[in-house]
Amino acid sequence: MATVRKSATPKAVPSSRRPRHDHPPKLDHEHIALVLQGGGALGAYQAGVFEALAKIPCEPHWVAGVSIGAINCALIAGNQPQHRVAKMEEFWNMVTSQSALYSPVFDQQWSAIHQMGASMAASWGVPGFYKPRIPPPMFQPEGTDGAISYYDTAPLRASLERLVDFDLINAKKVRLSVGAVNVRTGNSIYFDNAKQRIGPEHIMASGALPPAFAPVMIDGEPYWDGGIVSNTPLQYVLDNRDLKKTMAVQVDLFSARGALPQNMGSVLSRQKDIQYSSRTRLGTDQAAELQRAKQNVQQLIAKLPAGLRNDPEVKYLLEVSRTAHLDIVHLIYRQERYELESKDYEFSRSAMLAHWQAGLRDMRRTLDHPDWLRMATSDDGVTVYDLCHAEVSVKT
């Protein structure tokens, strides 16, 4: 597989300036899918990415998410286009609290403030999201939700019912897929409005991360957070896109790459990054390899004598190797120096704003420099664009 690197040094776009997009990217994809990973409080980064995407005429036809990504997806699919960003802002303002603003001069002090904010969320809960169980699990009757989780997510259900129009989701104007795992079988499952009616319980099941949250019962079966099995729904999108040219904008909240840790806090943070990002990299690599294998099968069959092409086994191989071009645009949140292992449950207002602005900035830079979209011209195969601040890595 050839790898091409193209230098890209976009200038920073001030947060107060909206991009004009006089020449927005010209996309001819039949599917534009927004793929959102789990990551708790870091999900505000995904909201910033979507705010930038909402300004151009190529909003996603399909949103797929896990955990906090599922909540963001519900806010998108469950609102009319003109209200989506406002509803995301309302949700993220509701679940965050005021705190001191970050100053880069005081990294060490800010790390302590960051940890304090996370401790407050762990001790007192998050408004509109979850509240601590009283009494705690050790004093709850065995077999109850209170005995197997530290927090009650009733506030999240109320928030979803207020901010998300589930009738609109089930009208299927935007496809919605959210990942969960069956507690009894350990099998991953996706709830999909193309296949079933979606309600608040499906979104909550996707984000029911143990031991913080209890499993959510759906049709008599208990479900936990889909990130336990895989923290990104990319493979589900690839497996269910049919023979349609697809662009998948994949927004990850944990980076597989990082520096050698220097203290115990950064050790735990790095461990979490690797744990929740590894399957993402594996998924994109496997998708590219599978696509290439299908192309090779097609080319090999084309070289066979005409008589052999009618062989049932050859016909079968020809059918299963049919494919369409796939573009994977991969954005990854790059954590700040002060963020440690608690970054995914630090729900302070200042952290949320920093994450949102980072997503908005990264997606604007991408849209302001769409030349990378013209780097792959083949009608089939797969192209993976790894986007970061300094360069675009393209694999075809």
Aromatic rings Phe347 and Trp92: how do their planes relate, parallel, tilted or perpendicular, breaks at 30° and 60°? parallel

Mind telling me whether Tyr190 and Tyr236 have parallel, tilted or perpendicular rings, with 30° and 60° as the class edges? parallel

[X] [atom1] to [Y] [atom2] distance, which is reported to the nearest 0.5 Å:
X      : Y      : atom1 : atom2 : result
Leu160 : Met204 : CG    : CE    : 7.0 Å
Arg364 : Leu53  : CZ    : CG    : 11.5 Å
Tyr45  : Asp252 : OH    : CG    : 9.5 Å
Leu238 : His31  : CG    : NE2   : 11.0 Å
Met138 : Arg133 : CE    : CZ    : 14.0 Å
Gln295 : Leu290 : CD    : CG    : 10.5 Å

So, for [X] and [Y], which heavy atoms are closest and what is the spacing to 0.1 Å?
X      : Y      : result
Ala205 : Phe191 : CB-CE1, 4.2 Å
Gly186 : Val229 : O-CG2, 4.0 Å
Gly38  : Asn231 : O-ND2, 3.0 Å
Asn72  : Gly43  : ND2-O, 3.1 Å
Asn240 : Trp62  : O-CH2, 3.7 Å
Ala147 : Gln140 : N-CB, 3.6 Å

Look at the side chain of [X] and the backbone N and O of [Y], then say whether any donor-acceptor pair between them is shorter than 3.5 Å.
X      : Y      : answer
Ser149 : Gly146 : no
Ser230 : Gly226 : no
Lys87  : Leu163 : no
Asn187 : Asn182 : no
Gln37  : Val66  : no
Asn193 : Leu176 : yes
Gln235 : Pro233 : no
Arg349 : Asn93  : yes
Arg270 : Leu260 : no
Thr246 : Lys244 : yes

Output yes when Lys343 and Asp273 qualify as a salt bridge under the 4.0 Å nitrogen-oxygen rule, no when they do not. yes

As a quick check of understanding, evaluate side chain to side chain contact (heavy atoms under 4.5 Å, CB included) for Tyr276 and Leu253, giving each step before the final call. CA-CA 9 Å; Tyr276 287 114; Leu253 302 178; over 6 Å; no

Exceeds 12 heavy-atom contacts within 6.0 angstrom, atom [atom1] of [X]:
X      : atom1 : result
Gln82  : CD    : yes
Arg309 : CZ    : yes
Lys272 : NZ    : yes
Glu161 : CD    : yes
Tyr150 : OH    : no
Asp219 : CG    : no

Leu209 vs Trp224, side chain to side chain contact (heavy atoms under 4.5 Å, CB included): CA-CA, chis, key distance, verdict: CA-CA 6 Å; Leu209 182 67; Trp224 268 334; over 6 Å; no

Should [X] and [Y] count as side-chain neighbours, where that means a heavy-atom distance under 4.5 Å?
X      : Y      : value
Ile301 : Val297 : yes
Leu36  : Ile68  : no
Val174 : Arg84  : yes
Leu156 : Ile71  : yes
Arg257 : Ile332 : no
Phe50  : Leu34  : yes
Val85  : Met88  : no
Tyr130 : Pro155 : no

Suppose the criterion is salt bridge (charged side-chain N to carboxylate O under 4.0 Å, His left out): which pairs have a residue in residues 181-209, not counting sequence neighbours? Arg157-Glu201, Asp167-Arg197, Arg175-Asp192, Arg184-Glu221

Please evaluate residues Phe91 and Val164 with respect to the criterion side chain to side chain contact (heavy atoms under 4.5 Å, CB included), reporting the C-alpha separation (whole Å), side-chain torsions for both, the decisive distance (0.1 Å), and the verdict. CA-CA 10 Å; Phe91 173 80; Val164 176; over 6 Å; no

Let me know which of Val95, Thr96, Leu42 forms a side chain to side chain contact (heavy atoms under 4.5 Å, CB included) with Met352. Thr96

Between Asp225 and the options Pro215, Ser67, Ser206, the side chain to side chain contact (heavy atoms under 4.5 Å, CB included) test singles out Ser67

Exactly one of Gln46, Glu339, Glu346 clears side chain to side chain donor-acceptor pair (under 3.5 Å) with His355, and that residue is Glu339

List the steps, then state whether side-chain hydrogen bond (donor to acceptor under 3.5 Å, both in side chains) holds for Glu89 with Trp356. CA-CA 10 Å; Glu89 287 178 341; Trp356 188 301; 5.3 Å; no

Quick one, Gln298 with Leu318, criterion side chain to side chain contact (heavy atoms under 4.5 Å, CB included). Give me CA distance, side-chain angles, the key distance, then yes/no. CA-CA 6 Å; Gln298 293 272 348; Leu318 185 62; 3.5 Å; yes

